[in-house]
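From a predicted model like this one, the values you see are computed outputs, not experimental measurements.
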Amino acid sequence: MKATLLRAHVWGALSLAASLGVVTPTLARLGSFVPADGYDVQSGDIRGDVSYYNSGAYGANAGGGAGPTTIVADSGLWKVIGPAGGYFANSVDRAAFVAQGIPYSAGFANAIGAYAVGGHFGGRTDNFNLALRNDTPLGTGPMVHEYSLDQYDMGVTPASVTSGPLSMGFYFCPNPGDTLNPGPDGSAGDKFTLSLVDSVGNIGLQWGYLRDNSVVWRVSPSNLWTATSFIADQTNWDGLKIDLDLTSDTFGIDYYDVSTNTWSNLVPAGTAMGQAMGDFTTLRWQLEDGLNAGPLLGKNFFDDFSFSAVPEPSTALLAALALVAVRLRR
């Protein structure tokens with residue numbers, strides 16, 4: 001009888017391992033940028049940039065805890081990696097602000113509209129989103145933030161997912177077309193670039209849109225952009241779904257056009273990554289300078305992120321076998 005019970009527990013463990021191998025999509029620390037995801041707009045306050053408080057690390061969807069709480073700049077999930085960002089046009093001015101120590105002041109000399117703010121009004125499905133703005137003069141340089149994914153985004157520790165399929169979806173709304181700044185290929189010039197990065201800095205692909213809001217993609221920063229037929233809607237929310245395969249080092253992208261309420265394939269599944277990604281741990285957000293067109297002064301909006309991942313089989317199996325041990329002790 002004990003052997004029968006043991007077999008039953010083992011089969012149950014294997015079934016559980018299989019079920020644990022699939023993590024359903026979750027809206028968490030990025031999510032919809034609501035207070036429960038750990039975001040607070042803090043309007044008119046430099047400390048509202050996501051690099052200065054525990055953004056994405058408090059609230060019901062992000063592990064609980066209190067917030068917003070000021071932290072040492074760039075010590076949380078969000079970091080400014082420059083040159084502009086955190087309400088400053090350059091690293092020298094920002095360093096002077098940070099040097100005052102905690103508590104940082106709400107205002108400071110040479111502060112400018114170059115920031116990433118969560119909990120901003122006007123979301124896609126609620127009244128919250130992420131707003132990026134870089135209203136610095138042309139020639140200043142891009143604003144670059146990095147966000148470190150964690151278990152509240154994927155449902156598992158991102159660095160533990162090193163093979164198999166993984167996907168990310170989100171929606172976005174750019175500001176109206178800005179003054180063109182032609183690139184080497186004669187295009188309108190870059191506006192926004194999102195890079196998918198692994199834990200050692202490899203970039204698998206980049207997606208973005210140009211200063212006329214035409215949607216583009218490429219596999220490497222050293223490549224020219226691949227043009228598409230889509231112009232992002234500047235008054236509503238287009239969407240994107242990126243599917244990665246960390247085993248074959250390939251990806252595909254589907255695009256949602258809100259004007260026709262349709263999804264279309266943008267990049268065929270099986271397209272080779274620029275660099276093989278050992279995992280998917282970081283999103284790099286780059287917004288170019290000189291953006292101020294539109295009634296909201298150059299703000300670009302992002303919302304409703306979702307992720308799904310399949311953890312390593314060994315991870316799921318260990319969890320299931322631990323449950324077997326508990327059952328047998330009973």
Side-chain angles (χ1 to χ4, degrees), residues 23-43 45-82 85-87 98 102 104 114-133 143-161 166-172 192 194-199 240 242 279-287 299-309:
V23 177
T24 55
T26 178
L27 294 176
R29 290 196 165 181
L30 279 181
S32 298
F33 303 97
V34 300
D37 294 327
Y39 293 92
D40 189 309
V41 65
Q42 303 178 66
S43 296
D45 191 327
I46 291 175
R47 295 167 296 187
D49 183 88
V50 290
S51 64
Y52 298 131
Y53 72 99
N54 60 335
S55 53
Y58 69 92
N61 296 338
T69 301
T70 302
I71 60 174
V72 174
D74 306 324
S75 65
L77 297 176
W78 286 90
K79 298 174 177 62
V80 172
I81 63 172
Y87 276 92
V98 172
I102 295 174
Y104 301 128
Y115 52 73
V117 172
H120 195 281
F121 66 85
R124 172 177 168 263
T125 54
D126 49 39
N127 198 37
F128 301 95
N129 64 63
L130 177 73
L132 268 58
R133 182 184 179 196
M143 180 184 78
V144 188
H145 284 70
E146 281 192 346
Y147 173 78
S148 298
L149 298 165
D150 72 357
Q151 69 271 26
Y152 296 105
D153 292 306
M154 288 191 182
V156 294
T157 303
S160 72
V161 183
L166 191 157
S167 66
M168 175 183 74
F170 64 92
Y171 295 83
F172 71 103
F192 175 75
L194 185 68
S195 302
L196 279 64
V197 188
D198 73 3
S199 55
L240 206 74
I242 301 175
D279 48 41
F280 174 30
T281 60
T282 305
L283 285 173
R284 183 175 300 153
W285 316 65
Q286 179 165 323
L287 190 66
K299 294 178 184 177
N300 288 247
F301 300 105
F302 301 85
D303 207 355
D304 293 341
F305 274 75
S306 62
F307 298 85
S308 66

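Between Phe33 and His120, the closest side-chain pair of non-hydrogen atoms is not below 4.5 Å. Contact annotation: the side chain of Pro35 approaches that of Phe128 to within less than 4.5 Å [non-hydrogen atoms, C-beta and beyond].
Nearest approach of His145 to Tyr115, heavy atoms of both residues: CE1-C, 4.4 Å. Residue Tyr58 comes nearest to Ala66 through the heavy atom pair CB-O, 3.3 Å, listed as atom of the first residue, atom of the second, then distance. For the residue pair Gly76 and Ile71, the shortest heavy atom distance occurs at N-CD1, 3.5 Å. The two atoms that bring Ala309 and Val161 nearest to each other are CB-CG2, 4.1 Å, heavy atoms only. Residues Gln42 and Gly48 approach most closely at CB-CA, 3.7 Å, considering heavy atoms. The two residues Arg124 and Asp303 come nearest to each other via the heavy atoms N-OD2, 2.8 Å.
Contacts of Thr157 classified as side chain to side chain contact (heavy atoms under 4.5 Å, CB included), with partners at least two apart in sequence or in another chain: Ser160. For Asp279, the salt bridge (charged side-chain N to carboxylate O under 4.0 Å, His left out) test picks out no residue, with sequence neighbours left out.
Side-chain atoms of Asp37 come within 3.5 Å of backbone atoms of Ser32 as a donor-acceptor pair (strictly under, hydrogens ignored). The backbone N or O of Pro68 lies less than 3.5 Å from no partner atom in the side chain of Asn54, so there is not a single donor-acceptor pair. In this structure, the side chain of Tyr52 engages the main chain of Gly86 through a donor-acceptor pair within 3.5 Å.
The CD atom of Glu146 sits 10.0 Å away from atom CG of Asp74, with the distance rounded to the nearest 0.5 Å. Between atom CE of residue Met168 and atom CG of residue Leu283 there is a gap of 5.0 Å, rounded to the nearest 0.5 Å. Note that CE of Met154 and OG of Ser308 are 9.0 Å apart. Values are rounded to the nearest 0.5 Å. Note that CG of Leu130 and OG of Ser55 are 9.5 Å apart. Values are rounded to the nearest 0.5 Å. Taken to the nearest 0.5 Å, the CZ atom of Arg284 stands 10.5 Å off from the CG atom of Leu194. Annotation: the span from Leu77 atom CG to Asp150 atom CG amounts to 5.5 Å, rounded to 0.5 Å.
Among Val117, Leu30, Asn129, Val34, the single residue meeting the side-chain contact (heavy atoms from CB on, under 4.5 Å) criterion with Tyr39 is Leu30. Of the options Asp153, Thr281, Thr282, a side chain to side chain donor-acceptor pair (under 3.5 Å) to Tyr147 is made by Asp153 and by none of the others.
In this structure, Phe172 and Phe302 have parallel ring planes: the angle between them is below the 30° cut-off, well short of the 60° mark. Between Phe305 and Phe170, the ring planes are parallel. Angles under 30° get that label, and only those over 60° would be called perpendicular.
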Side chain to side chain contact (heavy atoms under 4.5 Å, CB included) assessment of Val41 paired with Phe121: CA-CA 8 Å; Val41 65; Phe121 66 85; over 6 Å; no
Ring pair (Phe, Tyr, Trp, His ring centres under 6.0 Å) evaluation trace for Tyr104 with Tyr87: CA-CA 13 Å; Tyr104 301 128; Tyr87 276 92; over 10 Å; no
Let's go through Trp285 and Phe192 carefully: what are the C-alpha distance in whole Å and the side-chain angles of both, what is the deciding distance for side chain to side chain contact (heavy atoms under 4.5 Å, CB included) to 0.1 Å, and is it a yes or a no? CA-CA 8 Å; Trp285 316 65; Phe192 175 75; 3.9 Å; yes
Checking side chain to side chain contact (heavy atoms under 4.5 Å, CB included) for the pair Asp49/Val80: CA distance, chi angles, key distance, verdict? CA-CA 10 Å; Asp49 183 88; Val80 172; 4.1 Å; yes
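When only modelled atom types and interatomic distance are considered, Asp45 and Tyr53 share no side-chain donor-acceptor pair under 3.5 Å.
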